[in-house]
Amino acid sequence: MATNSSPCSSSSTNFLPSSYIKNEKTVLFSRFVVTVPRKSTGVTQIHSRVQGRKCSHIKSSNGHPLNAVSLKDDGKGIPVSEAEKEESTLSITVVGASGDLAKKKIFPALFALFYEDWLPENFTVFGYARTKLNDEELRNMISGTLTCRVNQRENCEDKMDQFLKRCFYHAGQYDSEGDFSELDSKLKEKEAGKVSNRLFYLSIPPNIFVDVVRSVGLRASSLNGWTRVIVEKPFGRDSESSGELTRCLKQYLTEDQIFRIDHYLGKELVENLSVLRFSNLVFEPLWSRDYIRNVQLIFSEDFGTEGRGGYFDNYGIIRDIMQNHLLQILALFAMETPVSLDAEDVRNEKVKVLRSMKPLKLGDVIVGQYKGHSKSGRSHPAYTDDPTVPKGSLTPTFAAAALFINNARWDGVPFLMKAGKALHTRRAEIRVQFRHVPGNLYKRNFGTDLDMATNELVLRVQPDEAIYLRINNKVPGLGMRLDRSDLNLLYSARYPREIPDAYERLLFGCHSRGEKVVYQK
Ligand SMILES: NC(=O)C1=CN([C@@H]2O[C@H](COP(=O)(O)OP(=O)(O)OC[C@H]3O[C@@H](n4cnc5c(N)ncnc54)[C@H](OP(=O)(O)O)[C@@H]3O)[C@@H](O)[C@H]2O)C=CC1
Ligand SMILES: O=C1O[C@H](COP(=O)(O)O)[C@@H](O)[C@H](O)[C@H]1O
């Protein structure tokens, strides 16, 4: 078992299986969400007017703006003036730049932010990993994954060239302070004496998080601006290992510098969940056990681990998808109305939901693992055929679970989570099934299957983002035939603009804390 006195090295991180929900709180910084441990510095939002525009600054409870916190000032923070902001630089280092997430999501998201002018004037992107590459090789590697918005292709090539010229690479070991010192020198060169803000995205396996944070903290943090580190999941395997990881990270960073993100909370439809519920009178009165029969949270992918087995096999689908992405959605869905949209208020309501949850029983869970099969002349390998998966592995790649919230609003309503890899389709949905109409006058028209006639509200998170409500209506004509139809808000029809990727929202939030978003509207 991990103890307070154990050393914070990767090899000492002892992961034990069980739930690790209880130790965490979720903070919503206006446009994105991070989880922080319970005793973290609180945040509050204050409003002021800058140049005639209303804007929000998020302040830490120590009274300083969070965006002024520098590692070297021990987390106490130094206020940054507007003039200093003009003169500041932003350096974004993608640690693990050679990996799957970096190539698929992080570099493309950074390019999209640049394309849309959401990055500051002075910025530099660095890739860091062990793989030996030079700047040009990094640029070649990522250029294939950068895409322009479908509806905004003008100057796309130019913009890509401009972006790639700002991308550099440094090869190094994750536990080498010397290698991070060299990175620091390269960063300083690009920052050219300006106030330097540094963002490190840890796109690496979790067993090396602490090594990197130590090296960053000791050798590559900013001396005159802020330093922030973004980590996604898995943030430990259970309560103890999650706490241990926090303790280790906090030896080198203050809480304000650690951004624990969940990229599902950056998805457009997940952001819209609260808007739908709290800004439309029609839904909130129905949002309880009185009207809702069950809630389904569904994640499926039509591809397998495909070389990510080394990571996946240690975690399985429950820790990869359910404990974080689906549980965050569940908490947002089920929470009471927060006092305000401020981070702390939303987080507090979500924590109450998690604390009211009935511990999951083995009998309420099923697990499975995908097998190989052939379809239309193509063969699809089994999970254990993946060379990165240990032979004979029993790690689940599919799970379904019924969860219950023991509170006045949700008592007895099953929240059904289903998640799987290598299934038939790729989709993520929230499906809300309502109760039957009591004494339904039209039941004869529906036949025996009353379930067919119940209303359903669906938030299709991806692909083809949509919100639709299944209702019953009369088929036009002299007879009385009923039909089921969808009142459908299909995003591609209503909003022809491409929807930003979740990582764009999160990366933007981490470097700006949403200030530009607030300025704009
Ligand atoms: N892929 C995804 O869709 C998502 C991933 N994540 C999280 O992001 C992080 C990165 O994921 P992903 O890119 O898929 O991971 P990868 O397995 O692709 O690893 C990223 C890089 O880390 C280095 N690396 C890999 N294994 C080791 C090791 N055992 N020891 C030291 N370095 C290693 C490699 O770089 P090099 O050898 O060049 O040093 C590799 O290119 C993980 O924490 C993952 O859980 C979160 C959400 C989604
Ligand atoms: O966190 C993860 O998410 C991806 C799926 O993300 P999406 O945004 O493409 O839906 C999943 O493939 C991966 O296993 C998991 O680690």
Side-chain angles (χ1 to χ4, degrees), residues 10-11 13 94-109 127-133 137-138 141-142 145 169-176 179 200-212 215 229-237 245 260-270 298-329 383 386 388-389 395-399 419-423 425-429 460-463 465 499-507:
S10 306
S11 51
T13 312
V94 182
V95 184
S98 56
D100 179 76
L101 180 71
K103 283 188 275 192
K104 266 194 341 212
K105 304 277 191 177
I106 307 305
F107 288 112
Y128 185 101
R130 295 171 306 179
T131 303
K132 296 264 176 283
L133 297 175
E137 285 166 331
L138 172 83
M141 184 181 84
I142 62 177
T145 64
Y169 187 77
H170 186 70
Q173 300 296 318
Y174 299 108
D175 57 356
S176 163
D179 290 345
F200 291 84
Y201 192 104
L202 302 195
S203 191
I204 41 171
N207 60 318
I208 46 177
F209 283 172
V210 177
D211 285 340
V212 170
S215 305
V229 174
I230 306 178
V231 277
E232 196 171 355
K233 47 117 247 255
F235 201 82
R237 283 179 67 86
L245 184 53
R260 300 171 184 79
I261 61 166
D262 185 308
H263 81 275
Y264 264 64
L265 292 171
K267 294 202 183 255
E268 192 63 45
L269 266 281
V270 177
I298 302 167
F299 168 94
S300 80
E301 270 179 347
D302 56 1
F303 51 90
T305 44
E306 294 174 11
R308 288 185 69 222
Y311 148 73
F312 186 88
D313 201 70
N314 280 318
Y315 291 90
I317 198 75
I318 296 176
R319 289 188 174 88
D320 190 47
I321 300 293
M322 286 183 160
Q323 178 284 328
N324 34 64
H325 305 324
L326 297 188
L327 197 62
Q328 286 284 357
I329 296 176
Y383 174 65
D386 184 333
T388 58
V389 169
T395 298
T397 62
F398 173 88
K421 287 188 169 281
L423 299 176
T425 50
R426 174 179 174 260
R427 72 180 169 135
E429 282 180 347
R460 194 162 61 220
V461 176
Q462 65 187 31
E465 290 83 346
I499 295 175
D501 185 74
Y503 283 98
E504 291 174 41
R505 210 184 299 284
L506 299 172
L507 282 161

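First listed ligand is number 1; within each ligand, the first listed atom is number 1. Remember, it's a predicted structure, so these values are computed and weren't measured experimentally.
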- Side chain proximity check, E306 to F312, heavy atoms < 4.5 angstrom: no

- Between I208, I230, V231, L101, which is the residue that forms a side-chain contact (heavy atoms from CB on, under 4.5 Å) with L202? V231

- Per-atom filter on ligand 1: closer than 4.0 angstrom to a heavy atom of K233 are 7 (C), 43 (O), 44 (C), 45 (O), 46 (C), 47 (C)

- Item | Validation row: L326, Y264 side chains within 4.5 angstrom (heavy atoms) | no

- Can you sort out the partners of Y128 under ring pair (Phe, Tyr, Trp, His ring centres under 6.0 Å), two or more places apart, ordered by chain and number? H170, F180

- Message: Can you tell me how far apart CD1 (I106) and CD1 (I142) are? Round to the nearest 0.5 Å.
- Response: 12.0 Å

- Give a yes or no on whether a salt bridge exists between K105 and D100, defined as a side-chain N under 4.0 angstrom from a carboxylate O. no

- Task: Please report the C-alpha distance between D320 and K233 in whole Å, then the side-chain angles of each, then the deciding distance to 0.1 Å, and finally whether the salt bridge (charged side-chain N to carboxylate O under 4.0 Å, His left out) criterion is met.
- Result: CA-CA 8 Å; D320 190 47; K233 47 117 247 255; 3.3 Å; yes

- Query: Going by the order shown, which atoms of ligand 1 are within less than 4.0 Å of some heavy atom of Y311?
  - Reply: 45 (O)

- When only distance counts, is L202 in polar contact with ligand 1, meaning an N/O pair under 3.5 Å? no

- Query: Against heavy atoms of Y503, which atoms of ligand 1 measure under 4.0 Å?
  - Reply: 47 (C), 48 (C)

- Message: Check this for me - ligand 1, D100, N or O atoms closer than 3.5 angstrom, yes or no?
- Response: yes

Anything under 3.5 Å between an N or O on ligand 2 and a protein N or O? List each pair with its distance, or write none.
unit_1: ligand 2; atom_1: 1 (O); unit_2: K233; atom_2: NZ; d: 2.5
unit_1: ligand 2; atom_1: 1 (O); unit_2: H325; atom_2: NE2; d: 2.7
unit_1: ligand 2; atom_1: 6 (O); unit_2: H263; atom_2: NE2; d: 3.1
unit_1: ligand 2; atom_1: 8 (O); unit_2: H263; atom_2: NE2; d: 2.8
unit_1: ligand 2; atom_1: 8 (O); unit_2: K267; atom_2: NZ; d: 2.7
unit_1: ligand 2; atom_1: 9 (O); unit_2: K105; atom_2: NZ; d: 3.4
unit_1: ligand 2; atom_1: 10 (O); unit_2: Y264; atom_2: OH; d: 2.4
unit_1: ligand 2; atom_1: 10 (O); unit_2: Q462; atom_2: NE2; d: 2.7
unit_1: ligand 2; atom_1: 12 (O); unit_2: E301; atom_2: OE1; d: 3.3
unit_1: ligand 2; atom_1: 12 (O); unit_2: E301; atom_2: OE2; d: 2.5
unit_1: ligand 2; atom_1: 12 (O); unit_2: K421; atom_2: NZ; d: 3.4
unit_1: ligand 2; atom_1: 14 (O); unit_2: R308; atom_2: NH1; d: 2.9
unit_1: ligand 2; atom_1: 14 (O); unit_2: D320; atom_2: OD2; d: 2.7
unit_1: ligand 2; atom_1: 14 (O); unit_2: K421; atom_2: NZ; d: 2.8
unit_1: ligand 2; atom_1: 16 (O); unit_2: K233; atom_2: NZ; d: 2.6
unit_1: ligand 2; atom_1: 16 (O); unit_2: R308; atom_2: NH2; d: 3.4
unit_1: ligand 2; atom_1: 16 (O); unit_2: D320; atom_2: OD1; d: 2.7
unit_1: ligand 2; atom_1: 16 (O); unit_2: D320; atom_2: OD2; d: 3.4

- Message: Polar contacts were defined as any N/O atom of the residue lying under 3.5 Å from an N/O atom of the ligand; does this apply to Y174 and ligand 1?
- Response: yes

- Task: Find all atoms of ligand 1 within a distance of less than 4.0 Å from any non-hydrogen atom belonging to I208, and give their numbers and elements.
- Result: 31 (C), 32 (N)

- Message: Under a 4.0 angstrom heavy-atom cut-off, which atoms of ligand 1 come close to T131?
- Response: 36 (P), 37 (O), 38 (O)

- Message: Could you report the tightest heavy-atom contact between A502 and H263, atom names first, then the distance?
- Response: CB-O, 3.1 Å

- Note on the structure: Looking only at non-hydrogen atoms, the one of K105, R319, R130 nearest atom 33 (C) of ligand 1 is R130

- How would you list, by chain and number, every residue that makes a ring pair (Phe, Tyr, Trp, His ring centres under 6.0 Å) with Y169, sequence neighbours excluded? none

- Query: By ring pair (Phe, Tyr, Trp, His ring centres under 6.0 Å), which residues pair with Y311, not counting sequence neighbours?
  - Reply: Y315

- atom 9 (C) of ligand 1: nearest protein contact (heavy atom, Å): I204 O, 3.3 Å

- Nitrogen or oxygen atoms of E232 and ligand 1 under 3.5 Å apart: no

- Going by the atom numbers of ligand 1, which of them fall below 4.0 Å from some non-hydrogen atom of P234? 45 (O)

- Salt-bridge present (K132, E137; N to O < 4.0 Å): no

- Query: Is P205 in polar range of ligand 1, meaning some N or O pair under 3.5 Å apart?
  - Reply: no

- Residue portion contacting ligand 1 (non-hydrogen atoms closer than 4.0 Å) for N207: neither

- Backbone or side chain, does any N or O of F209 fall under 3.5 Å from an N or O of ligand 1? no

- Ligand-side contact atoms (ligand 1) for residue partner P206, heavy atom cut-off under 4.0 Å: 43 (O)

